[in-house]
Amino acid sequence: MDYKLEELLICCLSSKLHSMRHIAIGAASPIPAGAAFMAREQANKSMHITLLASQKHNHFTDGSRELFDAAAQGRIDAFFLGGVQIDGKANINLIGTGEYPNTERRFPGSFGSALMYYVVPSVFLFRLQHNRRSMVETVDFISAPGFSPPEVYRPGGPVALITNKCLFSVDKERQRFRLESLHPGVTLEEIKDLTGFDFDHDRAPDITQEPTQEQLQLLRGIIALEIAESYPLFAKQTFDI
Amino acid sequence: MDYKLEELLICCLSSKLHSMRHIAIGAASPIPAGAAFMAREQANKSMHITLLASQKHNHFTDGSRELFDAAAQGRIDAFFLGGVQIDGKANINLIGTGEYPNTERRFPGSFGSALMYYVVPSVFLFRLQHNRRSMVETVDFISAPGFSPPEVYRPGGPVALITNKCLFSVDKERQRFRLESLHPGVTLEEIKDLTGFDFDHDRAPDITQEPTQEQLQLLRGIIALEIAESYPLFAKQTFDI
Amino acid sequence: MSLTQCTITEIAAEVANGSLLGVPADYSGVPMAFTRELIRQGKQDLDLFCLPQSTLQADMLIGAGCVRSVETAAITLGEYGLAPCFTRFVQEGQLQIKDSTCPALHAALQATERAVPFSPLRGLIGSDLVKHRSDWQIISNPFSDDEDPIILIPAVSPDVSVIHAQKADRNGNVWIGRRKEVATLIHASKKNFMTVEEIVDVDFYDNEVLAAGVLPGFYIDAIAIAENGAWPLALGNRYATDETHMKDYALRAKTEEGFQAYLSENLKV
Amino acid sequence: MSLTQCTITEIAAEVANGSLLGVPADYSGVPMAFTRELIRQGKQDLDLFCLPQSTLQADMLIGAGCVRSVETAAITLGEYGLAPCFTRFVQEGQLQIKDSTCPALHAALQATERAVPFSPLRGLIGSDLVKHRSDWQIISNPFSDDEDPIILIPAVSPDVSVIHAQKADRNGNVWIGRRKEVATLIHASKKNFMTVEEIVDVDFYDNEVLAAGVLPGFYIDAIAIAENGAWPLALGNRYATDETHMKDYALRAKTEEGFQAYLSENLKV
């Protein structure tokens, strides 16, 4: 079957979202948006999806603080965070590389990560460039930490990390990533080469399930249109609409 | 000239409000409402009046906390507070008489007084039954204190007390009331008899200025109609509309 | 998101004895039909949290013996006078009263809204309210070099809040207009139910002008239709207070017997 | 209450060098016409407070040398890529950056909104953001018996905030719809100006549905008309982002020369 990497990632993420009641998706997150729409179509019609970049899919009426308030109230089950760097302790860096504050390479900033990562029960990390510059042993700047000591209020945290090469799950006890599946065509050796941190894995890891025909039809049809409302450039590149 | 006590009080209060930019008026305050409308008509057309009991004259859109927020921000220049008891230190009691909590006579409660009295620069106290049960040496319960020690954040506080018998001003230095004027027909002796606290006064106090013909016309015309929107029973009794 | 419709009977059944019940002010949409159903169901030991005050709703619940405690800035019938049952119960020592002040009640819910354990608040220091509130704390402002005492109000989260509004849409969103304190109460409560005059077959979000006054449906567990659901109180500019009824209530509820007679007449289905 | 009308030139003149300027997010109505006027007037040493992030507005002000410091959760052109001047200035050490996170920026203004010296906030502990913010404090939650560290964010009050909106009415009230963060910023600021697409000869309060989305005029010092005042950014559902222009900007502003050429073309009156 012919599909794009983005389509694989959307379908892979989507399978983790079936039980969510309310999923929120921040700026610059077209793949998570697609995954949420897919999960709603396939598994849970009453799921509520908040797309912050959208007008149609954003029901907040109390201003832009309402996302953070609702998340802190425990009303948002899943959220997605990227990272310029992500390290083996699931710390994320959205600020830049090099020494702070005059980083060598500066990125936009930490956005809401320093609250959302703490309070949303299921935070999915994503990074489409899996290499040793992004998957590092220790991030140069912790926008938000992966784990917190027991005295810190933290009902939420990371549950998975998806990249262009593989899917990691998060072992909360061991505070480590575990390789869950390799995307089709990727080898364990390749992941080890591309990853700056240690992770757990089976000797022969699973392969990420490929999108089904039904999924691709949904994706290229109604879901592509939903995505296009908020992410027109992405939709054009990926779905040619 | 023939006028009612309520009309005298409205006109008397009104003269103190000419310089206010924004006056807010709480529940159960038809006389302050009339005074504010009069001041706007006579002195300051750009004055903003917030009547909480009104829909038309209430421009708040952030819920009922906005009054308190706007007051704390210093955006409300004048407010009015009643009191079951008011004492010589300008302490007000809106809770009831007797020992708290099972007061002998219970009244509704302290409303917003325990913030408003601290933050609004000009708070006018009013009480239409001037007698030794309401004007006491020491209140049975301090809903909000008249004065605060210097370390307490307090940009606002009382500036005057108007009753059915007289007008007191507040001497902030001495933290005492000063008799400003006697309502027509009232004597200093009568005030002394009816007042449970000590106050300063001239040997021959002024007489409260009577409403002018112009004021009565305004009051019984457009202002009565404005008052009636929020206080229909009061408007009926006072203006027969 | 979709509408979950229910009945007033079902909403009242969700209010367990001993619950902390969120209670709106007279201007916020008072669910009086639901309140009468609570009394019919013989609820006990309710704790009321008023935002920031209550009128007939608290007074009737108190008079009917449903209430253990009330946290409020005031209870009053407004132009119709003192709240007769509240006054009688407090004077007779039959009601636990947690006297507060409007901004403190807002602050307690705003803390829960942001899921923080407290909100600081100005004012209050030197008020006797503080003496009787062991749950409030005074700290020294840590950002000031000078002595600067400030009150911290702890977060409060009602177990259930119920509000009456004009309209819900087919997807369970409710139009509350300018009455944003309703949103604060709902955000801060563990369970939320609304009663509405009507459910209309539109999506409020299709119109940005309407959307500005909407409470999103995902905060609301279920919605019941209750025509004239605020009666005898007013509802926005949809209907006015039933003045005759309120005067009658204010008079009759002054005595226990009068109140009971009022109840038996007005609790009929 | 009445409308005080002015011009963009007058608004910019009210922004003194060294002011703390409130800056809205891309979805809140960015006053780009005003921003270009600030650059024309050669403002210096502005401190920007972004609620909670900024886009072209901060980037242009930074590139034009108007800015001393920025407090923000992010500066980005969104789908058009990194904010080129911001990135360059930070990397070259020419800009003081106070990195924050969205809810902390809201919390700082909400403290001012309630006139309290700080707001508590969850999260943040263990983030390197805290290391670089000596103005934030960690205290032990006084309501907890267990160890429970919590961050206090101090109140911030911008000297001036300027927002662009669709409409004002004849009495100076502005319709902001669901964009309530605009209200938070305005409530917390010492002076406030709005630019609007048009002033309409009605009173928004005559219609309760409109009223639900209104920012009351008494918070606003003056209002200027600026047609297409958010261009090249979008304004609600009134007009979309000028994509060609944004792509062009993102490309040209990558170099100092390219940015200066862009400026000289786009600052013409």
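A quick note: this is a predicted structure, and the numbers were derived from the prediction, not measured. Within every chain, numbering begins at 1; the chains are lettered A, B, ... in the order of the sequence lines, protein sequences first and strands thereafter.
- The number of heavy-atom neighbours closer than 6.0 Å to CD of Glu151(A), taken from other residues, nucleotides and ligands shown, is above 12.
- Note on ring orientation: taking the six-membered ring where Trp is involved, the planes of Tyr205(C) and His59(A) are parallel (angle under 30°, cut-offs 30° and 60°).
- In this structure the side chain of Glu66(A) reaches within 4.5 angstrom of the side chain of Pro216(C), judged on heavy atoms.
- For Lys172(A), the NZ atom is densely surrounded, since the number of other residues' heavy atoms within 6.0 Å is greater than 12.
- Atom CG of Asp206(C) is surrounded by more than 12 heavy atoms from other residues, nucleotides or ligands within 6.0 Å.
- By the side chain to side chain donor-acceptor pair (under 3.5 Å) test, Glu198(C) is found to be paired with Arg238(C), residues two or more places apart in sequence or in another chain being considered.
- Looking at Ser157(C), neither its backbone nor its side chain comes within 4.5 Å of chain A, counting heavy atoms on both sides.
- Among all heavy-atom pairs drawn from His187(C) and Arg75(A), the shortest one is O-NH2, 2.8 Å.
- Using a 4.5 Å cut-off between heavy atoms, Thr184(C) makes no contact with chain A at all.
- Side-chain atoms of Arg65(A) and Arg114(C), non-hydrogen and from C-beta on, never get closer than 4.5 Å to each other.
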Test side chain to side chain contact (heavy atoms under 4.5 Å, CB included) on Asp62(A) and Lys180(C); report intermediate values, then the result.
CA-CA 9 Å; Asp62(A) 204 17; Lys180(C) 302 294 179 193; 5.5 Å; no
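- Rounding to the nearest 0.5 Å gives a distance of 5.5 Å between OH of Tyr219(C) and CD of Gln73(A).
- Val214(C) and Thr61(A) make their closest contact through O-OG1, 2.7 Å (heavy atoms, listed as atom of the first residue, atom of the second, distance).
- Nearest heavy-atom pair across Ala72(A) and Ala115(C) is O-CB, 3.1 Å.
- With a threshold of 4.5 angstrom between heavy atoms, Ala183(C) does not approach chain A through any atom at all.
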